[in-house]
S.K.: 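Before we start, here is the structure in question, set down as structure tokens.
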Amino acid sequence: MTTGQAMSGGARGGRPPRQAPTGGAGLLRQVPPLREDLAGREPYGSPLPEVAVRLNVNENPYAPSPALVRAVTDAVTSVAATLNRYPDRDAAGLRDDLAAYLGHGLTRDQVWAANGSNEIIQQLLQAFGGPGRTALGFEPSYSMHPLIAQTTGTRWVGAARDAGFGLDPGRAVTAVRELQPDVVFLTSPNNPTGTALPLATIEEVCAAAPGMVVVDEAYAEFARDRSGTALSLLPRYQRLVVARTMSKAFALAGARLGYLAAAPEVVRALQIVRLPYHLSAITQAVARVALAHADELLPTVAVLRAERDTFIGWVRSRGLAAADSDANFVLIGEFGDRHAVWQDLLDRGVLVREVGPPGWLRVSIGTTEEMAAFRAALDEVLSEGTP
Ligand SMILES: Cc1ncc(COP(=O)(O)O)c(C=O)c1O
């Protein structure tokens, strides 16, 4: 960019003019001087119309039991008496509990927590990505990875998954060797396809990667083979990070609690970029109550897994394709006009997600009643002629 261009204003790609006329009685509208690389971007989020059956954001459909609501209320009540004080900025008790939940011999210094795993990903890219650095992912995958890369000034490179949504280890390693990325994202089970990666693939990428490897395991508890978690690789790879969330299996999306396991040096690096007191005392207390009630919460995972497998069979019995899924959602297709199907379902009070490769829709697994409502709605849509 020449100096002349830089001074010429927003219309030609430079800094936006500080004031723009709005017409009327000589009023001037202040244009916020948004970073050029963010100009024109919309806030992230899919449509959220009010509907009876919401199968669009991979939530756990089971609300907390009355006993859990009481336990959360009691915990919040006791925290409320101390809200004049900042929270424990290192979330020590919560990290102890998360380490105990994860097992694998992990301890507090190998675990970190933040407001949802999205904030975990943001902190990872703040610490290990950023201007002049590159992150690599294999798409289609979780769309927040490239979006957070962009907002942290990290260059994003999306390599393609295989046609069946898997990831050939040879191709993955070649992409890593060629690009030499500072951060590699592997999502397993992958969103939106539901595909889990074999541990051997993750290991080959870890061995080839020059920088950090982040395995996003937001849906790990829903996998058919839970022993496939990358947690078991942590002792061997110092630059491996396993990111998790309480939003899905723990049915705690509203509390916003994401976490990771990694080497203590990685956790210390994240403590440099985290904001002081980032995790509220209420969030910490609520998450600890949920962890203490894991025996009550986690059985919903088995129910949802069974519902998912039944659902996949049903979709295929209708002559449609359903991607094999190790998560709490299923990608179904292929529709000639997926938007029309999405809209037809919405018109019948069922909201799913229009995401993933063209022709496919992602359906989160809901309660038995919600899935019955989905099946009835889709049958109606199909009987009217598949768009
Ligand atoms: C793969 C993946 N990672 C991370 C997240 C973020 O979850 P949260 O910020 O609620 O912890 C999601 C949410 O859908 C996801 O699908």
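First listed ligand is number 1; within each ligand, the first listed atom is number 1.
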S.K.: Quickly, which of Phe165, Trp342, Phe335, Phe329 forms a ring pair (Phe, Tyr, Trp, His ring centres under 6.0 Å) with Trp360? Name it, please.
M.R.: Phe165
S.K.: Please name all residues satisfying side chain to side chain donor-acceptor pair (under 3.5 Å) with Arg348, sequence neighbours left out, ordered by chain then number.
M.R.: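 So Arg348 forms a side chain to side chain donor-acceptor pair (under 3.5 Å) with Glu380, Glu384.
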S.K.: Applying the side chain to side chain contact (heavy atoms under 4.5 Å, CB included) criterion to Tyr142, which one of Val355, Leu147, Asn118 satisfies it?
M.R.: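 Passing option: Asn118.
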S.K.: Decide whether Asn58 and Arg353 meet the rule of one side-chain donor and one side-chain acceptor closer than 3.5 Å.
M.R.: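 Arg353 and Asn58 do not have a side-chain donor-acceptor pair below 3.5 Å.
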S.K.: With side chain to side chain contact (heavy atoms under 4.5 Å, CB included) as the test, pick out the partner of Val205 among Leu136, Val213, Leu197, Leu240.
M.R.: Val213
S.K.: Tell me, which residues have any heavy atom less than 4.0 Å from some atom of ligand 1?
M.R.: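 Answer by chain and number: Gly116, Ser117, Asn118, Tyr142, Thr187, Asn191, Asp216, Ala218, Tyr219, Thr245, Ser247, Lys248, Arg256.
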S.K.: Under 30°, 30 to 60°, or over 60°: which ring-plane class applies to Trp156 and Phe185, parallel, tilted or perpendicular?
M.R.: tilted
